S.K.: 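Pasting a structure here, questions to come.
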Amino acid sequence: MQRRRDFLKVGVISGVGAALAMPAFARRAYAKEPIKIGLPTVLSGGNAQYGIQARRACELYGKEINAKGGVLGRPLEFIYEDTGADPATAVRKAQKLVEKDGVKFLTGTVLSSEALAVSAKCPEWKVILMSTINGAGSLTAKAYNRYFFRINTSGPMGARVVSLYLAEAPLKHFFALGSDYAWGRDGVTTFEKQITAAKKDVVGKDFPPVGTKDFASYISKIKQARAEACYLVMPGQDATIFIKQAAQFGLTRETKLVMEIVELENMKAVGEAMAGTIGSSRYPFTVDTPKNRDFVKRFHAMHGVYPDMFDGETYEGLEWLTQVITKVGTADDVEKVIEAWEDSSYEGLEGPFFMRKCDHQAVQPGFMVEAAKDPNYPHLIPKILATYPGDRVTPKCRTEDFA
Amino acid sequence: MSAALLVEQVLNALALSGLLFLVSIGLTLVFGILRVVNFAHGVFYMIGAYLGFTAVALSGQFWLALVLVPPAVGLVGAALEASSLRFIYRRPPSYQLLLTFGVALILEETLKVLYGPTAKNVEPPALLQGSVEMLGVIYPRYRLFLVVLSFAVGVALWLFLQRTRAGLVVRAVAQNSEMADCLGADVARVRTLVFGAACALAGLGGAAAAPITTAYLGMGIGVIVEAFVVVVIGGLGSVVGSMVGSLIVGSAQTWGSYYVSEAAMVIMYAVMGAILIFRPWGLFGEEE
Amino acid sequence: MRPLARLASLGALVVLAALPWVLARHQLSILTDLLIFGLFALSLDLIVGYTGMVSFGHAAYFGLGAYGSALLLIHWGPPVPVALIAGAVLAGLIAAPVGWFSTRATGIYFAMLTLAFAQLLYTVAYKWRDLTGGSDGIAGVPKTTLFWGGPSLATPTAFYFLVVACVVLSLLACRALVRSPFGRALQAIRENERRFASLGQDPRPFKVVVFVIAAFFAGLAGALFAPFRGFASPEVMFWVLSGQALMMVITGGIGTLVGPVIGAMVFILIQEVLSSYTEHWMIFAGAVFVLMVIFLPGGLVGTARRLIEARG
């Protein structure tokens, strides 16, 4: 009895080993070894819209670059993993991408908390994590390490853009609502600092848990505080639900909604109730440069929709990364890529980018937009209200503070 | 706090309680009558929301959705019960957990395949759109509707169980299924119907919630724990308990979010813990 | 133990010891992960399989172990075994009052009380940002050394052996426990609690003690998890993990101790393997679990045992 049970144990362990090895045999053989980019991203649940955007950008860029012969003659290959917006799972999937698939470049992390967790492991794995979505200021400040690169406008930069714009607006009293995790907390803190420096005040703040579905009490609080405007730092799904409910309670009639990120996906989900909302946009597809107009056309041709913020940011990240790789001449020496990327410039869809050596934050222009109706489009679009040059909106090195 | 705000918060608590009631009533029935742990209950709530979206998208009629969706979800639930759950009634609850978890995985992924991973917007019917000015407060009509709907469902259910013959049979099966069987009740059919009804109620909850929360993947997980808390506070198998439990949890959450928003989540569990310490079988439950 | 049984156990140990040189790096990572969760499932079997108490909140103790070891390693960097003990003890300490309160009820109410307390702890972990990092968790938990001045555990192989040692020792300890008079009392309680009470013994102290012991081993698993993954977050205390732990136990076989270890491995592997083949792996995983419940009532080990018995 005992012996049979133990034989069983041995048998299962061997079987386990075999099962683990199996998928490796299912891989296709490439003529030339592809350059692999791993995306531990969110493809399901409330934040799936971000993973989808990352994937859309990869699909478009991959198709285009591979048609031209790839990078250094090697095709670009993308491997997607679903993390379910959970940092522990993100680390696990990233580890699998690094150890099993041998990727040296990770991107597509959605929640800042996931990015923080994965970034902390990058020095051990010696791989680059390129953020095109993550906003938390700490990623290039307190939690900085040289294997992390941030392409996108960060949360503090978004707050800065909003504050610069609002400094000239008549609104004086703000309520700040941030989701209870790294990005939401950092965002509200930075906004508070910036807006009080502009001689305005924050009459109240609150942090609903990520995934809150009923904001009724928060809406009551905002009304009670007699805020003229409400500054929102919430990810996709949460923001959509909040705006819808705020409209239902008539809050949007009395209080102006200001968002750290004004997303196309929110506009589509909420609809007209969101018209008039202002805020910062990481990448508004309405930027009027020839390069961007062409990108939007190609994107729309492939995917049938207009690019949202992270479609654009991810595309830019991929283009820049491959430019750096091409300049270095190899995709296998991560240290060389890091060195080449630092202090390099890139002409993006939105304007000029510069990768700071001190904290690996890409300095780029900031945009203030308004969700507006436009007869040429079937939904609201981000209308650009103001553009700010990169050096005005990027914080001091390794901090979340501004000059 | 101003009077207007007080009114608003009370209404908020009632609306939230109403929603919780719709979700938890099915759970308590299944627990109490069938003694089954239905891990997939939240998924039926989600199915109701998505089907509601489809019904509104196809017909443009929200009322139609409210009428058609619950039976549809109920059918899915009844099919599940008849095909697999009924074989494991005598097993410990852990088995039911694994089975219903497996079912939940299948159903949720199927919804993702059918509808895609992004949330679906559902518009309330024209009659219920907009707000109403009452007692000095501007309040969304739809939330008032939720309060009314959940109350009506609760009363109807209570009447059914306490005052009708069929309800008597259901209660008999709950108390002693072997005896009920001897006395001529078709126990297997009652079980299937009760499970189906519970799923239908969850589906109704989802369809009713969708205009407020949108239909999205993972909405089952968010709501199921609160439903469990309501059921435990109220007592397994008790409709009245479910109502009272929903009010307690809804109020705790609403007022908690307002006053101590940092600790709001804790308050609900603290309340549940406190009640269970003094009455481990819930307020209206029966001691085992 | 009979000589053949001893030989087979030794064989299993030899295979485990040899695997790091056979498996690829990521496969070793997965195996380490499986073993950690195997220990977690094993700890749950003590309460579910041997005492008949279904707990829906076991993940809380896994989480407490993880946070305890994570905080210790990040702030003071002691050798890993110190952090392991700290995590396990923390879990056990918190489990004591929880167990005491929860055992006031039985059956499904007991289960719900354990869930309530687990969610309470989850909420505390989520909200107490200054200590736990809130929903972002604690990142950068280091793997330190085996003992002061000793070898580093930073390599996958070294850490793997630490995990194997912990799992094997725990398995032996739990096996000794269930074979002791205390263990037999637990099983008596599982069979018929009222009869146990009518014999003059109060079942409650037994239940509380086994609850704490189970929490200790769950905490140990969690304490291994934190440095292994380099990360601790409230999600590891979430009720979904508690539910999955129960499923691992059932998959392997309730009340067999080694069954849950295998059950955990199979449960996680099914999802891992399937997800590398298809995006919609959840449908197949769900179907497998449903079929397993219906057709394999004793779990994998239980059913295998039954088959072997029937033939032999």
Side-chain angles (χ1 to χ4, degrees), chain A residues 1-17 19-24 26 43-44 80-82 86-92 95-102 111-114 116-121 123-124 136 138 143 145 179-185 207 209-210, chain C residues 1-2 4-12 15-16 19 22-31 33-34 126-127 129 133-141 154 156 225 229-233 235-236 256 258-259 261-262 265-266 269 272-273 275-277 279 282 300-301 304-305 308-309 312:
Chain A
M1 185 68 51
Q2 179 64 20
R3 135 179 81 166
R4 290 188 183 112
R5 234 198 299 170
D6 290 322
F7 277 142
L8 189 67
K9 210 184 345 174
V10 172
V12 170
I13 291 183
S14 317
V16 161
L20 285 170
M22 262 206 292
L43 295 169
S44 59
Y80 305 93
E81 292 287 345
D82 187 1
D86 173 34
T89 312
V91 172
R92 190 163 61 97
Q95 190 164 3
K96 175 227 171 225
L97 286 164
V98 169
E99 292 180 346
K100 177 172 171 206
D101 301 305
L111 288 191
S112 290
S113 43
E114 296 182 290
L116 282 163
V118 174
S119 173
K121 295 285 269 182
E124 183 188 320
S138 50
N145 69 74
S179 286
D180 196 358
Y181 76 114
W183 175 57
R185 291 253 174 194
F207 302 96
V210 179
Chain C
M1 267 203 265
R2 287 178 311 203
L4 266 172
R6 204 169 291 185
L7 192 66
S9 303
L10 221 63
V15 170
L16 278 176
L19 280 175
V22 171
L23 296 177
R25 189 172 160 201
H26 86 275
Q27 291 168 335
L28 194 65
S29 288
I30 296 183
L31 183 59
D33 206 34
L34 295 178
Y126 193 102
K127 283 292 178 181
R129 281 190 82 86
S135 62
D136 304 323
I138 303 177
V141 179
F225 178 86
R229 204 55 80 67
F231 185 78
S233 76
E235 295 311 312
V236 300
T256 56
V258 80
V261 176
I262 295 181
M265 295 167 102
V266 170
L269 265 185
E272 279 289 334
V273 172
S275 66
S276 61
Y277 282 115
E279 198 185 313
M282 290 219 276
L300 288 171
V301 170
R305 227 195 289 176
I308 293 175
E309 262 169 63

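All of these numbers come straight from a predicted model, not from anything done at the bench. In what follows, chains are A, B, ... by sequence order, proteins preceding strands, each numbered from 1.
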S.K.: Mind checking whether C/K127 and A/D180 have side chains closer than 4.5 Å, heavy atoms only?
M.R.: yes

S.K.: For the residue pair C/A139 and A/L116, what are the closest heavy atoms and their distance?
M.R.: CB-O, 4.0 Å

S.K.: Between C/G140 and A/A120, what is the shortest heavy-atom contact and its length?
M.R.: N-CB, 3.7 Å

S.K.: Between atom CZ of C/F231 and atom OG1 of A/T89, what is the distance when rounded to the nearest 0.5 Å?
M.R.: 9.0 Å

S.K.: Between atom NZ of A/K96 and atom CG of C/D33, what is the distance when rounded to the nearest 0.5 Å?
M.R.: 14.0 Å

S.K.: Does any heavy atom of chain C fall under 4.5 Å from the side chain of A/E124, the backbone, both, or neither of them?
M.R.: side chain

S.K.: Given heavy-atom pairs under 4.5 angstrom as the criterion, report whether the side chain, backbone, both or neither of A/V210 touches chain C.
M.R.: both

S.K.: Could you walk me through whether A/R92 and C/E272 satisfy the salt bridge (Lys or Arg N to Asp or Glu O under 4.0 Å) test, starting with their C-alpha distance in whole Å, then the side-chain angles of each, then the deciding distance to 0.1 Å, before giving a yes or no?
M.R.: CA-CA 11 Å; A/R92 190 163 61 97; C/E272 279 289 334; 2.5 Å; yes

S.K.: Kindly indicate whether the side chain of A/K100, heavy atoms from C-beta on, has any atom under 4.5 Å from the side chain of C/Q27.
M.R.: no

S.K.: How close do A/E99 and C/S29 get, counting heavy atoms only, and between which atoms?
M.R.: OE1-OG, 2.6 Å

S.K.: Rounded at 0.5 Å granularity, tell me how far NE2 in C/H26 sits from CG in A/D101.
M.R.: 7.5 Å

S.K.: Side chain, backbone, both or neither: which part of A/P123 has an atom under 4.5 Å from a heavy atom of chain C?
M.R.: neither

S.K.: When you look at C/D136 and A/R185, which way does the salt bridge (Lys or Arg N to Asp or Glu O under 4.0 Å) test go after all the steps?
M.R.: CA-CA 11 Å; C/D136 304 323; A/R185 291 253 174 194; over 6 Å; no

S.K.: Are A/L111 and C/S135 packed together at the side-chain level, in the sense that at least one heavy-atom pair is separated by less than 4.5 angstrom?
M.R.: no

S.K.: Any donor-acceptor pair under 3.5 Å linking the side chain of C/R229 with the backbone of A/V91?
M.R.: no

